Every structure is written in C-alpha cells, then in structure tokens.
Amino acid sequence: MKKKFNTKVIHAGHGSDKETGAVMPPIHLSSTFKQIEPGNFEYEYARTKNPSRDVLEKLLAQIESGHKAFAFASGMSAINTVCDLFGTNFHIICSDDVYGGTRRLFDKVKSNIEVTYIDFDKNVNWNDEIKENTKFIWVETPSNPLMKIIDIKNTVSIASEFNLPVICDNTFASPFNQRPLELGADMVVSSSTKYLGGHSDIVGGSIVIKENKEYAEKISYIQNAVGAIPSPFDCYLLTRSIKTLSVRMKQHNENAIAVSNFLTNHSKINKVFFPGIDERYKEIAAKQMDGFGGMMSFILDTNIDGVKGFLKNLNIFTLAESLGGVESLIEHPAIMTHASIDPSIREKLGISDTLLRISVGIEDVDDLIADLDQALSKV
C-alpha cells in the first residue's frame, strides 16, 4: 500500500515492537551487541549501526522520497560528510546565499576545496563557471537568510548537461513543504535540529540519497569511520518529533503568511524577504513547494541601535539562533548566524545591520502580530 506523506511521518520506519508490542520503538542504549560467532551478527557496535538509528534513517528516507538515509550528530557533520564523499582538491558550485556555517566550512575549514558562489537570480554562463574538477552543484532553497528560491528542476537540467550531481539543503523547507529528490536532485541534506526536531531540544543532521550504490557505500563508510552520529536517545526524539511534522508545518505556513502580510504593510519595515510575497520567487516556490514555510527576513527602517531596541521590546519572539521550533525566534544574521562571513561578502549579499530573521512559531498568530506591532511602535 502506497502511503501519503501525513501517514508516512507517523508510520514509516517501524511497526510495533516485535518483543513487547510497544507502539513506539524502544530506545536501544547498548554500545555493543552479542555476536553469534565472530563476524556473524546483525548489530556489532553502536557507532556503526544501532536499532534506534535504523528506525530514524528508514523514516527519513521515506519522507524525503529517497532510497537511503544517513543520520548525523549535526547538520554541519552531514555537510562535512558530503565534502569527504568527493575526496580532495576539487571544485564546487554553490548558491551565493547560504547558512554562515556552510560558508565557514567550505571557505575556512575545507582548504582543499575551491568554491564558486553563484547568484542563481542572474544569467549564468555555466561553461565559464564549471571546471574539469567540479564535483557537484550545491543549492540552498529557500536560502538563509534572504529567502531566495532556486528552481531545482532547472538546476538539475543544467547539471545533467555536465554530468554533475545536485545537492540540496532542504532545512528551511522541510520535507513537508519540499522534496528535492522528487524534483531530480541527487542528494538532500538537512539540519534535523530545525523543523524535523521541531522543539529546540535536539541537534542533528541527515543526508538522504536517490538509489546510488557508490554514494551509499561511501557515506556509510564515512559515517562509521568518523563517528559523527546521533545518540540513540536523539534518534528516538527525532522519530517522535517527526510524527507531528505535518500538523506543525501547516501552522508554521499559515502563521508566516499572516506575519509577512503584516510586516509588508508596516511603515517601519523597508523590505520583507518571504517567498509567499516576493514576486521574484513566488511562482517558482508555488511550483516546487507545498507551502512557503515559516522563515522570513526583513529590514527595519532604523539603525543598529534601533534594531537592538526593537529586539529588547519583544515579549513573545525570543532572541536566539536556530529555527523551526514550535516557539517563535528572532535573530540578527550579521552578528549571530552569519558573523563568520567576511563583512565585505555580507555587504555584497545584502546582509545588513538592519536585517533581522524570524522563525515564525505555531503560537496564536494574533499574539505574534501584536508583539511585533508593539515593539515596532517604539522604534
């Protein structure tokens, strides 16, 4: 029986426990497992494989419409594994507006990788940009923090002309709103800390791939060899949290539309970045997404002191990094999530001192708007 998404998030990856009949899979905390004889086992050592992680990975593969999934201790360890998968001394194409931690890894940690950052909004001569040692195209859509939308199908079409895989960071959308593998991408990476976890109490990451034996074997090898894996308890928490992904995302989507409309019409706001209202991206987003998500950014009509005063006057929105939890968060990208990016690059991208990013939670939207309104009145 082919299951739809809302059923998958609840039932995929496991049934009732065979030994006890428990509806929720038990947490397997053991670090090692008894072998029938040397080399004859189902589970050997928990870094290599663990029943709780198996459940989570099967669940992630199904909700992303993938063939195989791999769970990691953080989104960054997942991205690092993608880089290690392709070896050393290679070149990649990356969309220009991405999470600051992604740029930090690409530019300042992976010294043997050359990166060309592309503004996908502009006409690109791909023959000039792609090199003999280019290994993949990395896209983050919606992007962090400027909410750019990249046409995944079109990018896949371009990449196929050069026999390059497309890897998509799907963190801002979640598989509820967007499934890049269904659009032709070869690999999808997520920080499961965010919408998949949904409660700001887990740090995790994931890679989900289409059927590809070489990728599967290499990622599995790196996952075991490096050991950046989630604990059994975190695997359990993620499995539990994903069960409510659909109902949470529906409210995130609905609340964000209302908040974006309020901000767009407010005199103290110069610009709002949200795919549901941005004419540059609305058509593409509507085509490849099932909802516009709960993330947006906006520019305040003030200076840095005015921004800090606005943040202090908020009561419901919490000044904190991260996103995708049930509670509404607000952050200052230039000082917080994107501080590791060189100031000249931030300025070029448009990450100014008056840009703020919000993760719209699932509280009563009237309360969220009232909180923003009263804080804006004091700017």
Side-chain angles (χ1 to χ4, degrees), residues 93-100 102-103 117-124 126 129 137-159 166-185 188-191 194-195 249-250 252-266 269-300 323-324 330-331 333 337-338 341 345-346 348-352 354-360:
I93 301 288
C94 180
S95 52
D96 64 344
D97 184 45
V98 294
Y99 169 51
T102 302
R103 273 212 184 226
Y117 292 98
I118 297 290
D119 183 351
F120 279 68
D121 289 342
K122 297 179 179 178
N123 292 324
V124 178
W126 291 98
E129 303 297 347
I137 297 176
W138 179 280
V139 295
E140 183 181 296
T141 179
S143 70
N144 182 1
L146 298 175
M147 305 304 299
K148 291 184 176 183
I149 301 296
I150 295 171
D151 189 323
I152 297 173
K153 276 189 175 182
N154 184 58
T155 304
V156 169
S157 177
I158 292 167
V166 172
I167 302 169
C168 184
D169 185 331
N170 198 41
T171 299
F172 267 28
S174 88
F176 177 84
N177 282 332
Q178 180 175 267
R179 290 168 296 282
L181 298 181
E182 293 180 3
L183 299 168
V188 59
V189 176
S190 292
S191 170
K194 312 306 192 295
Y195 284 112
M249 290 310 303
K250 288 175 184 177
H252 284 299
N253 290 341
E254 183 180 319
N255 282 2
I257 290 172
V259 170
S260 68
N261 287 333
F262 164 76
L263 292 172
T264 301
N265 294 306
H266 200 285
I269 304 297
N270 283 338
K271 185 174 178 59
V272 177
F273 301 90
F274 179 66
I277 60 172
D278 194 324
E279 293 303 322
R280 295 174 299 168
Y281 306 123
K282 191 172 182 179
E283 184 178 347
I284 300 172
K287 181 178 67 174
Q288 69 185 25
M289 299 175 72
D290 294 325
F292 297 122
M295 298 301 302
M296 69 187 70
S297 298
F298 58 91
I299 298 173
L300 268 177
L323 58 108
I330 189 165
E331 67 101 11
T337 55
H338 290 68
I341 298 177
I345 296 174
R346 289 202 307 266
K348 182 180 178 181
L349 289 171
I351 304 174
S352 68
T354 55
L355 178 76
L356 293 171
R357 189 194 76 187
I358 59 176
S359 173
V360 181

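It should be emphasised that the depicted structure is a prediction, and the values quoted were computed from it without experimental measurement.
Distance alone, capped at 3.5 Å, is enough to place a donor-acceptor pair between the Glu140 side chain and the Tyr99 backbone. With Asn170 contributing its side chain and Val189 its backbone, the two residues share no donor-acceptor pair below 3.5 Å. Put simply, the side chain of Ser157 never gets that close to the backbone of Lys153: no donor and acceptor are under 3.5 Å apart. Distance alone, capped at 3.5 Å, is enough to place a donor-acceptor pair between the Ser359 side chain and the Gly324 backbone. In this structure, the side chain of Arg357 does not engage the main chain of Leu146 through any donor-acceptor pair within 3.5 Å. Judged by distance alone, the side chain of Arg346 and the main-chain N or O of Ile341 form a donor-acceptor pair under 3.5 Å.
Here the straight-line distance linking atom OH of Tyr281 with atom CZ of Phe292 works out to 14.0 Å at 0.5 Å rounding. For the atom pair CG (Leu263) and CD1 (Ile269), the distance works out to 5.0 Å, reported to the nearest 0.5 Å. Here the CH2 atom belonging to Trp126 is positioned 5.5 Å from the CD1 atom belonging to Ile118, to the nearest 0.5 angstrom. One finds the OG atom of Ser297 at 8.5 Å from the CD1 atom of Ile351 (value rounded to the nearest 0.5 Å). Going from atom CE of Met147 over to atom OG of Ser260 covers 10.0 Å, rounded to the nearest 0.5 Å. Taken to the nearest 0.5 Å, the CG atom of Asp290 stands 10.5 Å off from the CD atom of Gln288.
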Steps toward side chain to side chain contact (heavy atoms under 4.5 Å, CB included) verdict (Phe120, Asp96):
CA-CA 8 Å; Phe120 279 68; Asp96 64 344; 5.9 Å; no
Given Leu323 and Glu331, is the side chain to side chain contact (heavy atoms under 4.5 Å, CB included) satisfied, shown in steps?
CA-CA 9 Å; Leu323 58 108; Glu331 67 101 11; over 6 Å; no
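Residues Pro145 and Asp97 approach most closely at CD-OD1, 3.2 Å, considering heavy atoms. Val360 and Ala256 get closest at one heavy-atom pair: CG1-N, 3.9 Å. Residue Phe274 comes nearest to Gly293 through the heavy atom pair CE1-O, 3.6 Å, listed as atom of the first residue, atom of the second, then distance. For the pair Gln178 and Cys168, the tightest heavy-atom approach, listed with the atom from each and the gap, is NE2-SG, 4.5 Å. Between Val166 and Ala159, the shortest heavy-atom distance links the atoms CG2-CB, 3.5 Å. Here the closest heavy-atom approach between residue Gly350 and residue Leu355 is recorded as O-CD2, 4.2 Å.
Side chains of Thr264 and Phe298 form no contact here, defined as non-hydrogen atoms less than 4.5 Å apart. In this structure, the side chains of Leu349 and Arg103 come closer than 4.5 Å at one or more pairs of heavy atoms. The side-chain heavy atoms of Asp169 and Val98, taken from C-beta on, include no pair separated by under 4.5 Å. You'll find the side chain of Ile299 reaches within 4.5 Å of the side chain of Phe273, heavy atoms only. Contact annotation: the side chain of Asn144 never approaches that of Met295 to less than 4.5 Å [non-hydrogen atoms, C-beta and beyond]. With a 4.5 Å cut-off on side-chain heavy atoms, Met289 and Thr141 do not count as touching.
Ring centroids of His252 and Phe176 are separated by 6.0 Å or more, keeping the two rings apart.
Around the CD atom of Glu129, the shell of radius 6.0 Å holds more than 12 heavy atoms that belong to other residues, nucleotides or ligands.
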